[in-house]
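Note: hydrogens, waters and symmetry copies are ignored here, and every other heavy atom, side chains too, is used. Residue numbers start from 1 in every chain, and the chains themselves are labelled A, B, ... in the order their sequence lines are given, proteins ahead of strands.
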Amino acid sequence: MAKNQELAKLFEEIGKALEFKGENQFKIIAYYKVARVLRDLPQDIEQIWKAGKLREIPGIGEGIAKKIDEYLKTGRMSKYEEVMKDIPKELLELMDVQSLGPRTLKLAYERLGVKTKEDLLRVIENGSLEKLPGMGKKKVENIKKGLEIWKGQEERISIGIALPLVERIVNYLKGEYPDVQISPAGSLRRMKETVGDIDILVGKDNGKEIIETFTKFEEVERILAKGDTKGSIIVKSGEQVDLRVVPIQSYGAALQYFTGSKAHNIKLRTIAKGENLKVSEYGVFRGDKFIAGRTEEEVYAVFGLPWIPPELREDRGEIELAMKGQLPKIVEYNEIKGDMHVHSNYSDGADTIEKIAKYAKELGYEYIVIADHSKSAKYAHGMDEERVKKQWEEIDRVAKQVGIKIFKGIEVEIDREGNLDFSQEFLAKFDVVIAAFHRAVKQDLTPIFIKVCHNPHVDIIAHPTGRLISQRAGYTVDIDRVIEEASKTNTALEINAYYDRLDLSDINAKKAKDKGVKISIGSDAHNVGMLNYLRFGIGNARRAWLEKDDILNTLSAKELENWLKTHKAHIS
DNA sequence: GCCGTTTTCGGCCCGACTGTTTTCAGTCG
């Protein structure tokens, strides 16, 4: 799968370079689209290429197929080299800075010689950026803010990148050492939305050999360290991965120790101290005597505690509850019966309803909610009433043919007054109405969301805070007030599982749970590969202490249908 | 660049917001 990521990165950079150069915007979109498709593709592009089926993937046409072919044959792509020839690589990275687009960057590059983050900071500070034509105090201020967010984020790796990467490495190692215990550790195992570094733990009495194997992973770019107990690599996509090897009898203790969080571990060690015990990555000791450490269960059991799921280990009260035997029974990954938010090619999704339905069935889902954009989402090819009706016919046909329940949903646009895209009469005809706000405005959206809660046809509010983890904080909205109102009106709130959103966040989702608000977990998939992102949302839900009953899509299709019909009965 | 039950050429991505302007350019979704 490594080639998928490599190609995705190349196409994304070509897209950026063309944007910088002011190329045809549709061409740029085509490159970005294929980058996304490749990044999320569940199959290995190399296999598809070998089978001669590149062109069957939506987004890959004659031109891009040729480029993929060239790259897989020669390891190079002449188009990439050509467009990158006269652009410094660091410059393109700056395009990810919020409020700094290709035009401004080009201007800064040509007039002020800005090539790096440091250059940019300098021309912000010395006022020369502000003096350029079309620039001014506020624009520069926004770019400065964007740069700060970007700088703060660049060190952290999204779980959407980190988890698949770690799984590729763990699978590779397990292939070589089938009988050895191997696991991701650190904040990644706790399913945190971003992680600082990637840790993998191995339980093996002799580490040298497996560390050697680790450094031969196909995606390795550079080996930083290679010893008896620790190996460290940088992979081609730029992330650093550390591998630690501990003796088998210490595996559980080490896994517990390296999984964290730090705060959780400190609390556990404090308890240990009170009982004259010592906990370290090597085990639990009384004096010099080893009493536990082979498994995590064993370690927790020493303190009379049940095993605590990694997602709960944040010292948010979980240890106290565990001591009382009152740990919440958080939702299991296999308790999710369907995906609540999926886009098809009726709006800006890449795949047909049929393809989505078949893949969802493969995933073992009982149902999915197709929720495409509504008409005023022009950028996303939003649907008007006519196209919606056409879609309904297709849904009925596909559902019957594939044998999966498909709910007729809509991700309906909310305007600045809190009105929706369709009439109340028309909204009433959908199975599931997910209301969403997508504009970049500074106005306080709290009253708008409250109004939406009171709309009897709105079942769910999508990504309620509007944050994009790598880019922006989110809307101006008092989320506590919205949760309060959602609770009063029985409106569900979404955990959007797309890894750059994860919105509601774990903290906000927990607040919602505490107020009795139902949570809907949706992948917001724009192609079938993205259906796999749902697990990030489930991980987030687990971090939020959500139990089966807090979540809409643990309901069976029948139960969900019933909930949809009755949950707003008290609102007229 | 891709795509095709109007099309192998011409549509796809358009509107809103912000900040700079005094009619528009850049950015965003």
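Using a 4.0 Å heavy-atom cutoff across all strands shown, L100(A) reaches sugar-phosphate atoms only and no base atom. Contacts of K67(A) with the nucleic acid, taken as non-hydrogen atoms under 4.0 Å apart, involve only primed sugar atoms and P, OP1 or OP2. Residue K79(A) is in sugar-phosphate contact alone, with no base atom involved, counting any heavy-atom pair closer than 4.0 Å across all strands shown. Within the 4.0 angstrom heavy-atom criterion, only backbone atoms of the sugar-phosphate kind lie near P58(A); the bases stay farther away. Among the protein residues, G15(A) comes within range of no part of the nucleic acid, since none of its heavy atoms lies under 4.0 Å from any strand. Counting any heavy atom pair closer than 4.0 Å across all strands shown, I28(A) reaches no nucleic acid atom. Note on Y31(A): only backbone sugar-phosphate atoms sit closer than 4.0 angstrom, heavy atoms only; bases stay farther off. Nucleic acid contact for Q98(A): sugar-phosphate only, since backbone atoms but no base atoms lie under 4.0 Å from a heavy atom of the residue. Nucleic acid contact for N142(A): sugar-phosphate only, since backbone atoms but no base atoms lie under 4.0 Å from a heavy atom of the residue. Note on K137(A): only backbone sugar-phosphate atoms sit closer than 4.0 angstrom, heavy atoms only; bases stay farther off.
Residues of residues 496-505 of chain A that place a heavy atom closer than 4.0 Å to DNA chain B do not occur.
Under 3.5 Å, the side chains of T476(A) and D444(A) contain no donor-acceptor pair of N or O atoms. Checked by atom type, the side-chain pair S99(A)/N142(A) shows no donor-acceptor distance below 3.5 Å. A donor and an acceptor atom, one from each side chain of K568(A) and T491(A), are located under 3.5 Å apart. A donor-acceptor pair shorter than 3.5 Å can be found between the side chains of D421(A) and S376(A).
Read 5' to 3', the first and last nucleotides of DNA chain B with an atom closer than 4.0 Å to a heavy atom of chain A are dG1(B) to dG29(B).
Residues D506(A) and M191(A) are not in side-chain contact: their nearest non-hydrogen atoms beyond the backbone lie 4.5 Å or more apart.
When the C1' atom is used for both dT23(B) and dG11(B), the distance is 29 Å, rounded to whole Å. Remark: the separation of the C1' atoms in dT6(B) and dG10(B) is 12 Å, to the nearest Å. To the nearest whole angstrom, the two P atoms, one in dC12(B) and one in dT7(B), are 15 Å apart. The separation of dT20(B) from dC13(B), taken at their P atoms, amounts to 31 Å, rounded to a whole angstrom. dG1(B) and dT5(B): their P atoms are spaced 24 Å apart (whole Å). dG15(B) sits 31 Å from dT8(B) when the C1' atoms are compared, rounded to a whole Å.
Residue-to-nucleotide proximity on DNA chain B shows that, of S376(A) and K138(A), the 5′-proximal contact is made by S376(A). Each of K378(A) and P102(A) was matched to the nucleotide of DNA chain B holding its nearest heavy atom; the match closer to the 5' end belongs to K378(A).
Under the ring pair (Phe, Tyr, Trp, His ring centres under 6.0 Å) criterion, the residue pairs touching residues 70-125 of chain A are F20(A)-Y109(A), with sequence neighbours excluded. Applying the ring pair (Phe, Tyr, Trp, His ring centres under 6.0 Å) rule to pairs touching residues 474-498 of chain A yields F437(A)-Y475(A), F449(A)-Y475(A), Y498(A)-Y533(A), sequence neighbours excluded.
Summarising the base pairing, dC3(B) is matched to dG10(B) through a Watson-Crick or G-U wobble pair whose two defining distances lie under 3.5 Å.
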Determine all donor-acceptor pairs shorter than 3.5 Å in which one atom belongs to a side chain in residues 25-33 of chain A; sequence neighbours excluded.
| unit_1 | atom_1 | unit_2 | atom_2 | d |
| --- | --- | --- | --- | --- |
| Y32(A) | OH | K16(A) | N | 3.3 |
| Y32(A) | OH | E19(A) | OE1 | 2.7 |

Sequence neighbours left out, cut at 3.5 Å: what donor-acceptor pairs do the side chains of residues 401-415 of chain A make with other protein atoms?
| unit_1 | atom_1 | unit_2 | atom_2 | d |
| --- | --- | --- | --- | --- |
| Q401(A) | NE2 | E354(A) | OE2 | 3.4 |
| K408(A) | NZ | D396(A) | OD1 | 2.9 |
| K408(A) | NZ | D396(A) | OD2 | 3.3 |
| E411(A) | OE1 | H341(A) | NE2 | 3.0 |
| E411(A) | OE1 | H343(A) | NE2 | 2.9 |
| E411(A) | OE2 | H438(A) | NE2 | 3.3 |
| E411(A) | OE2 | H463(A) | NE2 | 3.4 |
| E413(A) | OE1 | H438(A) | ND1 | 3.4 |
| E413(A) | OE2 | H438(A) | ND1 | 2.6 |
| D415(A) | OD1 | E417(A) | N | 2.8 |
| D415(A) | OD1 | G418(A) | N | 3.0 |
| D415(A) | OD1 | N419(A) | N | 2.9 |

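With respect to the salt-bridge test (charged N to carboxylate O, under 4.0 angstrom), the residues K515(A) and E484(A) qualify.
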